[in-house]
Amino acid sequence: MKRVFGALVVALFAAGAIVATWPELLRLEREFPFAQAVALRPFLIGAFVAIALIFLVLALGRRIRAFCLWVVLVSVVVAIGGAGTLAVRGLGAETLPPKTEDSIRVMTWNTAGPATDAQTIAETAVAMQADIVALPETTMDTGRAVAVAMRERGRPMWAHVDSYEGPDSWDANSTALLISPELGDYAVIESEAAGTSNTTIVPSAVAMPVDGDGPVVVAVHAVAPRPEEMASWRSDLQWLADQCATDDVIMAGDFNATLDHMARLGVDDADLGRCHDAARSTGNGGIGTWPTDLPAPLGAPIDHVMATASWKPEGSVVISSLDHSGSDHRPLVVQYTRR
């Protein structure tokens with residue numbers, strides 16, 4: 001009877017471990033609490049390593065040795081599988097290839113409102129030779145200040161913004177988007193909160209080319225998956241997937257979602273709609289962009305730059321040298337060329 005009970009406990013533990021690590025197997029990746037657990041996959045891996053070590057010590061006792069060793073085996077297998085998932089997505093590429101006349105660079109940085117100085121944003125964007133800059137939680141005034149500072153440094157940009165009405169103290173009410181004039185003129189589509197023409201709680205800016213041959217550009221900000229906002233979060237991800245339905249789209253920003261959360265939202269092997277995640281394609285898909293008080297390899301990769309198959313990612317970099325600049329997010333920069 002004890003053996004049967006022990007086998008049942010091990011089976012339940014194995015099932016729980018697998019679902020926690022790969023919730024998409026049961027379509028739970030966008031459900032509470034699985035969405036929150038899998039967002040910080042390195043901590044799940046660490047938890048199962050700790051469980052394995054504890055039960056390895058407990059296995060010294062003869063009476064429960066078999067049970068403990070089975071728990072150790074399950075924990076080690078799940079930890080290795082989780083680490084393998086991160087390794088496949090990429091554990092860190094720190095350089096970009098040289099920029100050419102045919103390439104563009106896209107930078108995203110959730111600036112946490114006034115926490116990040118406009119001059120710091122501009123200096124970073126200029127240093128990275130960015131042609132598109134998506135700035136969630138950034139007001140029009142700050143966006144314009146960044147554009148002016150970039151122009152003074154020899155890299156002019158047009159500043160656009162989308163914002164919602166709400167408390168002035170809530171920085172997430174606006175999202176700024178800077179686009180180089182070399183890509184042509186752009187206009188931001190008018191939008192409203194409701195999940196029909198934009199993300200629900202915090203705004204995303206959709207810029208359409210007025211002239212030139214530039215792509216549709218979406219500066220993304222999805223609401224965070226707090227327990228009370230799960231329905232809005234799921235709606236935001238679906239809306240973003242719908243924005244990536246044409247052939248020439250680049251999306252960048254704070255998706256508040258990892259690749260795990262995007263399961264079944266991609267089309268034809270893409271990650272979200274018809275968009276492919278550039279960080280995963282270039283060796284950085286497992287590197288955390290949030291929060292900055294955790295080392296990048298332990299954080300959650302919730303900021304993304306994505307594009308349709310018209311754009312080939314050549315390299316990406318998560319910038320960790322600005323972790324003390326004020327924002328709790330790290331900048332992500334991607335270099336593309338047209339296919």
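One N or O on the side chain of Lys99 and one on the backbone of Gln129 form a donor-acceptor pair closer than 3.5 Å. In this structure, the side chain of Ser310 engages the main chain of Asp247 through a donor-acceptor pair within 3.5 Å. For the pair Glu29 (side chain) and Arg264 (backbone), a donor-acceptor distance under 3.5 Å is absent. With hydrogens and angles ignored, the 3.5 Å screen pairs a side-chain donor or acceptor of Arg41 with a backbone N or O of Thr21. Ser204 places a side-chain N or O within donor-acceptor distance of the main-chain N or O of His221, the cut-off being under 3.5 Å. The closest donor-acceptor contact from the side chain of Gln36 to the backbone of Phe32 lies at 3.5 Å or more, if one exists at all. Of the possible polar contacts, one joining the Thr138 side chain to the Pro136 backbone as a donor-acceptor pair under 3.5 Å is found. In this structure a side-chain-to-backbone donor-acceptor pair under 3.5 Å is missing from Thr308 to Arg274. A donor-acceptor pair is defined here as one N or O able to donate and one able to accept, closer than 3.5 Å; such a pair exists between the side chain of Thr116 and the backbone of Thr111. Between the side chain of Ser235 and the backbone N or O of Ala231 there is no donor-acceptor pair closer than 3.5 Å.
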Q: Using the side-chain contact (heavy atoms from CB on, under 4.5 Å) rule, take Val71 and Val10 through it: C-alpha gap first, then chi angles, then the decisive distance, then the call.
A: CA-CA 6 Å; Val71 173; Val10 170; 4.3 Å; yes

**Message:** I'd like to know whether Trp290 forms a side-chain hydrogen bond (donor to acceptor under 3.5 Å, both in side chains) with Asp328, so could you lay out the CA-CA distance, the side-chain angles of the two residues, the decisive distance to 0.1 Å, and finally the verdict.
**Reply:** CA-CA 6 Å; Trp290 175 91; Asp328 56 346; 3.2 Å; yes

task: Apply side-chain contact (heavy atoms from CB on, under 4.5 Å) to Ile51 and Leu53, showing your working.
output: CA-CA 5 Å; Ile51 291 172; Leu53 293 174; over 6 Å; no

Exercise for review: Would you check, one step at a time, whether the test side-chain contact (heavy atoms from CB on, under 4.5 Å) holds for Leu240 with Val220?
Suggested key: CA-CA 8 Å; Leu240 291 168; Val220 172; 3.5 Å; yes

Requested in this report: Show your reasoning for whether side-chain contact (heavy atoms from CB on, under 4.5 Å) applies to Leu135 and Ile121.
Outcome: CA-CA 9 Å; Leu135 300 171; Ile121 302 169; 3.9 Å; yes

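Residues Val77 and Phe43 do not share a hydrophobic cluster, defined by chaining ILVMFWY side chains whose heavy atoms lie under 4.5 Å apart. Linking Ile, Leu, Val, Met, Phe, Trp and Tyr whenever their side-chain heavy atoms come within less than 4.5 Å leaves Val305 and Val218 in two separate clusters. No single ILVMFWY cluster, assembled from side-chain heavy atoms under 4.5 Å apart, contains both Leu183 and Ile189. The hydrophobic cluster containing Met157 also contains Met128, counting ILVMFWY residues as joined when their side-chain heavy atoms lie under 4.5 angstrom apart, directly or transitively. Tracing side-chain contacts under 4.5 Å through hydrophobic residues (I, L, V, M, F, W, Y), one never reaches Leu259 starting from Val88; they form parts of separate clusters.
Expressed to the nearest 0.5 Å, how far CG of Asp277 lies from NE2 of His304 amounts to 5.5 Å. Taking CH2 of Trp109 as the reference point, atom CG of Asp254 lies at 14.0 Å (rounded to 0.5 Å). The distance from atom NE2 of His329 to atom CD1 of Ile319, rounded to the nearest 0.5 Å, is 15.0 Å. Here the straight-line distance linking atom CZ of Phe55 with atom CZ of Phe67 works out to 5.5 Å at 0.5 Å rounding. Atom OG of Ser75 is separated from atom CD1 of Ile45 by 13.0 Å, given to the nearest 0.5 angstrom. Rounded to the nearest 0.5 angstrom, Lys312 NZ and Gln335 CD are separated by 11.0 Å.
A 6.0 Å sphere centred on CZ of Arg339 holds more than 12 heavy atoms belonging to other residues, nucleotides or ligands. Other residues, nucleotides and ligands contribute more than 12 heavy atoms inside 6.0 Å of the CG atom of Asp211. Within a 6.0 Å sphere centred on CD of Glu94, heavy atoms belonging to other residues, nucleotides or ligands number 12 at most. Counting heavy atoms of neighbouring residues, nucleotides and ligands inside a 6.0 Å radius, atom CG of Asp293 exceeds 12 of them. In this structure, Glu182 places its CD atom where only 12 or fewer heavy-atom neighbours from other residues, nucleotides or ligands lie under 6.0 Å away.
The salt bridge (charged side-chain N to carboxylate O under 4.0 Å, His left out) test with Asp260 singles out one residue from Arg27, Arg30, Arg89, and that residue is Arg89. For the side-chain hydrogen bond (donor to acceptor under 3.5 Å, both in side chains) criterion with Asp303, the lone passing option out of Thr289, Thr108, Asn110 is Thr289.
Defined by atom type and a distance below 3.5 Å, a donor-acceptor pair is present between the side-chain atoms of Asp236 and Thr200. Counted by atom type alone, Ser316 and Thr282 present one or more donor-acceptor pairs between their side chains at under 3.5 Å.
Contact between Val78 and Ala17 at its shortest, heavy atoms only, is CG2-CB, 3.8 Å. In plain terms, the two heavy atoms of Pro156 and Pro181 that are nearest each other are O-CD, 3.2 Å. Closest approach of Gly82 and Trp22 over heavy atoms only: N-CZ2, 3.7 Å. Taking each heavy atom of Ala263 and Glu24 in turn, the nearest pair found is CB-CB, 3.8 Å. Across every non-hydrogen atom of Phe34 and Val19, the tightest pair is CE2-CG1, 3.5 Å.
Aromatic pair His276/Trp311: centroids not less than 6.0 angstrom apart.
Using a cutoff of 4.0 Å between basic side-chain nitrogens and carboxylate oxygens, Arg155 and Asp131 are scored as salt-bridged. Salt bridge absent: Arg338 and Asp102 never bring a charged side-chain N and a carboxylate O closer than 4.0 Å.
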